[in-house]
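Right, one structure below, let's go through it.
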Amino acid sequence: MELPGGCSLHWQTQGRGALARPATAAASPSAAAASQRSGRNRRLFFPRSLGEGEGRALWRESGKELSKILREEAAIGGVERKAISSTSTHRLWPKAVLGALDDAVSNNQWESALQIFGLLRKQKWYNPKGRTFARLMMMLGRCGQPRHAGSLFQIMLSEGLRPTPDVYTALVGAYGRNAFWEEALALIDEMKSLPTCHPDVYTYTIFIDCLCKQRRFDLIPRALAEMKQLGISPNVVTHNIIIDGYGKAKMLEEMESSLSEMIACEGCLPDECTLNSILWAYGDCGLIQEMERSFDEFQHMGVEPDVTTFNILIRSYGRAGLQAKMCLVMDFMKKRFFSPTTVTFNSMIDSFGRAGNIEKMEETFRLMKFQGVKPNSVTYCSIVSGYSRAGLLVRIPLILRQTENSDVALDTPFFNCVINAYGEAGEVEIMEEMFLFMREKHCKPDSVTLATMIQAYRGAGMLQVAENLDTRLLELDKQFRQGACLKRGMLE
DNA sequence: ATAGGGTTAG
């Protein structure tokens, strides 16, 4: 049975009512760091749900932990060496500290961001700003650190800063992103009681976005009712987020009725984001006729498609095996002077590859380069998978060589494609070489890598190795450290 | 200056 979006894991294991909270990233710092590195597979690292008592203990602890981080001296040396030429950590240049903080925040390096922030607070010129706190809290939310976000909020209050709706909203978002529904809702209630910090349309839109992302559609009516009660009208973004959420969850009826509500809503006209969400939903379900009908409807409403719209159409037609229509979209773009992007070409290449049309796939790849659109890791990923499906393993080294000669940043998904290609073909030895190659390129194996390799070992009848993958990977790792790396024959 | 923007791997 297919779990919609694969995200229901949390809720199935919970038996403590609608607001019961799943195990979260905050449970263990090392697990949280691992989840951060693994990106979309974060869920896999937290199969065990956290007992209520355990969670409470962490809540008490987190203040201490945070202040420890804020005092951490490790980052200070780093900032000094990198950006600051000063001997005293109390007299640093604003520009350097703030720049370093910005960098850390935008790279989601929450630990160094907090350390740099601790440094910032020591400066004579430091002037606490709500916006800085808000940004840090949002980042902590993204990094699975809602407890730290909460502590930061307390620190802000203790610095005598008057809270504003946007810092409250940032914390609501940090809680919501991590499914801390009780905390998020309590905070919204607190806002209602404060005359200067009433929740606004941003607060509720962010909260609803969190609900959608975590498939808590049951709580959406409640949020909307609260908004109505407070006289806050949903805006275009609010509606788009709900429509997109239902679409992603393949709840097409709910999506359509949300669209009707949006159209009925005063001053809320559907825009190209609405269109794209709807097309994506139908395309993803393979409902091509519905997709085309929606496209026409939006045309009549005067909503103009953008490049993303065309990319979605191309992807959908491609996956539905309608290559001819896919090409028609490309022609249409040309006539309307829409420049194809990397995503456009990647979608085309991917669907030709899936369809086993290697000629067309290669032709499109050539055209892409000829038009000066830069291939990226996704491009190479699709090509490798295309070759793999067509049994053309011999052409993969050619692709590897091309990536070597370009400045494209290879990533874990790319190597997973390569490893899968050789694994599927039963070429276990080459697969292992590719694993070493991956390590050499500083790409971290993730849960997909491991699953792929286990499957390959099983397929090759190496059941023992599949059972004890850890042992085998340690052996490979040892080889890697001893400099065995890749047999260069592959690339020459 | 607070929200969405959709290509890849098991």
Side-chain angles (χ1 to χ4, degrees), chain A residues 6 39-41 44 129-135 137-138 164-173 176-177 200-210 212-213 234-245 247-248 271-281 283-284 306-316 318-319 340-351 353-354 368 373 375-386 388-389 410-421 423-424 434 438 443 445-456 458-459:
Chain A
R40 77 179 68 175
N41 293 304
L44 294 172
K129 282 205 179 67
R131 259 204 59 75
T132 311
F133 282 98
R135 281 189 58 210
M137 287 190 286
M138 286 193 303
T164 49
D166 58 323
V167 289
Y168 266 106
T169 299
L171 187 55
V172 169
R177 271 178 190 279
D200 57 15
V201 66
Y202 284 98
T203 316
Y204 280 103
T205 302
I206 290 166
F207 181 64
I208 289 173
D209 188 35
C210 296
C212 287
K213 295 263 148 63
N235 62 21
V236 178
V237 180
T238 321
H239 283 113
N240 282 347
I241 282 170
I242 295 172
I243 289 169
D244 191 64
K248 287 267 157 46
D271 61 9
E272 66 281 359
C273 292
T274 327
L275 168 65
N276 292 342
S277 290
I278 303 256
L279 295 188
W280 177 273
D284 208 33
D306 60 10
V307 182
T308 303
T309 316
F310 296 121
N311 290 343
I312 292 169
L313 291 175
I314 286 174
R315 178 187 188 269
S316 307
R319 295 202 166 210
T341 63
T342 301
V343 176
T344 318
F345 280 112
N346 284 354
S347 300
M348 301 269 297
I349 287 170
D350 187 65
S351 57
R354 280 175 199 275
M368 178 183 197
V373 179
N376 62 13
S377 152
V378 179
T379 322
Y380 292 114
C381 203
S382 297
I383 293 174
V384 167
S385 299
S388 160
R389 270 186 282 258
L410 297 181
D411 53 12
T412 298
F414 171 76
F415 285 106
N416 287 347
C417 277
V418 176
I419 285 171
N420 182 52
E424 285 270 292
M434 291 301 140
M438 175 181 198
C443 290
D446 62 6
S447 57
V448 178
T449 322
L450 306 188
T452 309
M453 292 181 77
I454 289 176
Q455 205 181 333
R458 286 210 189 112

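Each chain gets a letter, A, B and so on, in the order the sequences are listed, and its residues count up from 1. The figures here come from the full heavy-atom set of this structure, side chains too, leaving out hydrogens, waters and symmetry mates.
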### Query
Which of these nucleotides, B/dG10, B/dT7, B/dT2, is closest to any side-chain atom of A/D166?
B/dT2
#### Entry: Distance in angstrom units between A/Y202 OH and B/dA3 C1', rounded
7 Å
### Rounded interatomic separation in angstrom, taking CD1 from A/I242 and P from B/dG5
15 Å
### Test item: A/D271 and A/T274 side chains (from C-beta on) under 4.5 Å apart, heavy atoms
yes
### Task
Provide, to the nearest angstrom, the distance between the CG atom belonging to A/L450 and the C1' atom belonging to B/dG10.
10 Å
### Message
With a 4.0 Å limit, can you tell me whether A/N311 has a side-chain N or O closer than that to the phosphate oxygens OP1/OP2 of B/dT7?
### Response
no
### Query
Would you say A/M368 and A/T379 make side-chain contact, with heavy atoms under 4.5 Å?
yes
### Task
Check every atom of B/dT2, B/dG10, B/dT7 against the side chain of A/A451 and return the nucleotide holding the closest atom.
B/dG10
### Task
Only one of A/T342, A/N346, A/D411 passes side-chain hydrogen bond (donor to acceptor under 3.5 Å, both in side chains) with A/N376; say which it is.
A/N346
#### Entry: Spacing of A/F414 atom CZ relative to B/dT7 atom P, expressed in whole Å
20 Å
### Query
With A/D200, which residues qualify under salt bridge (Lys or Arg N to Asp or Glu O under 4.0 Å), at least two apart?
none
### Nucleotide nearest A/C417 (side chain, heavy atoms from C-beta), chosen from B/dA3, B/dA9, B/dG10
B/dA9
#### Entry: Candidates B/dG6, B/dG10, B/dA9 - which lies nearest the side chain of A/S385
B/dA9
### Rounded distance (Å) that lies between atom C1' of B/dG6 and atom CG of A/L275
13 Å
### Task
Remember a base hit wins even if backbone is also touched, and classify A/D306 as base, sugar-phosphate or nothing at under 4.0 Å, heavy atoms.
base
### Query
Can you name the side chain to side chain contact (heavy atoms under 4.5 Å, CB included) partners of A/T344, sequence neighbours left out?
A/V307, A/N311, A/I314, A/M330, A/M333, A/P340, A/T341
### Query
Checking only heavy atoms, does the side chain of A/S447 share a donor-acceptor pair with the base of B/dG10 at less than 3.5 Å?
no
### Query
Does B/dG10 have OP1 or OP2 sitting under 4.0 Å from an N or O in the side chain of A/R458?
no
### Message
Whether the A/D446 and A/N416 side chains hold a donor-acceptor pair (N or O, under 3.5 Å, no angle test) is what I'd like checked.
### Response
yes
### Query
Any donor-acceptor pair under 3.5 Å joining the side chain of A/N346 to the base of B/dT7?
yes
### Message
Within the 4.0 Å heavy-atom criterion, would you say A/T449 contacts the bases, only the backbone, or no part of the nucleic acid?
### Response
nothing
#### Entry: Sugar-phosphate only, base, or nothing, as touched by A/T169 at under 4.0 Å among non-hydrogen atoms
nothing
### Message
Using a 4.0 Å heavy-atom cut-off, does A/D244 contact any base of the nucleic acid, only the sugar-phosphate backbone, or nothing at all?
### Response
base
### Task
Check every atom of B/dG6, B/dA9, B/dA3 against the side chain of A/K248 and return the nucleotide holding the closest atom.
B/dG6
### Task
Nearest whole angstrom, please: distance from the P of B/dT7 to the CH2 of A/W280.
4 Å
### Summary
From CG of A/D284 across to P of B/dT8 the rounded distance in Å is 9 Å
### Task
Would you kindly give the CD1-to-P distance between A/I241 and B/dG5, to the nearest whole Å?
8 Å
### Message
For B/dA3, does the base pair up with any side-chain atom of A/N235 as donor and acceptor (N or O, under 3.5 Å, distance only)?
### Response
yes
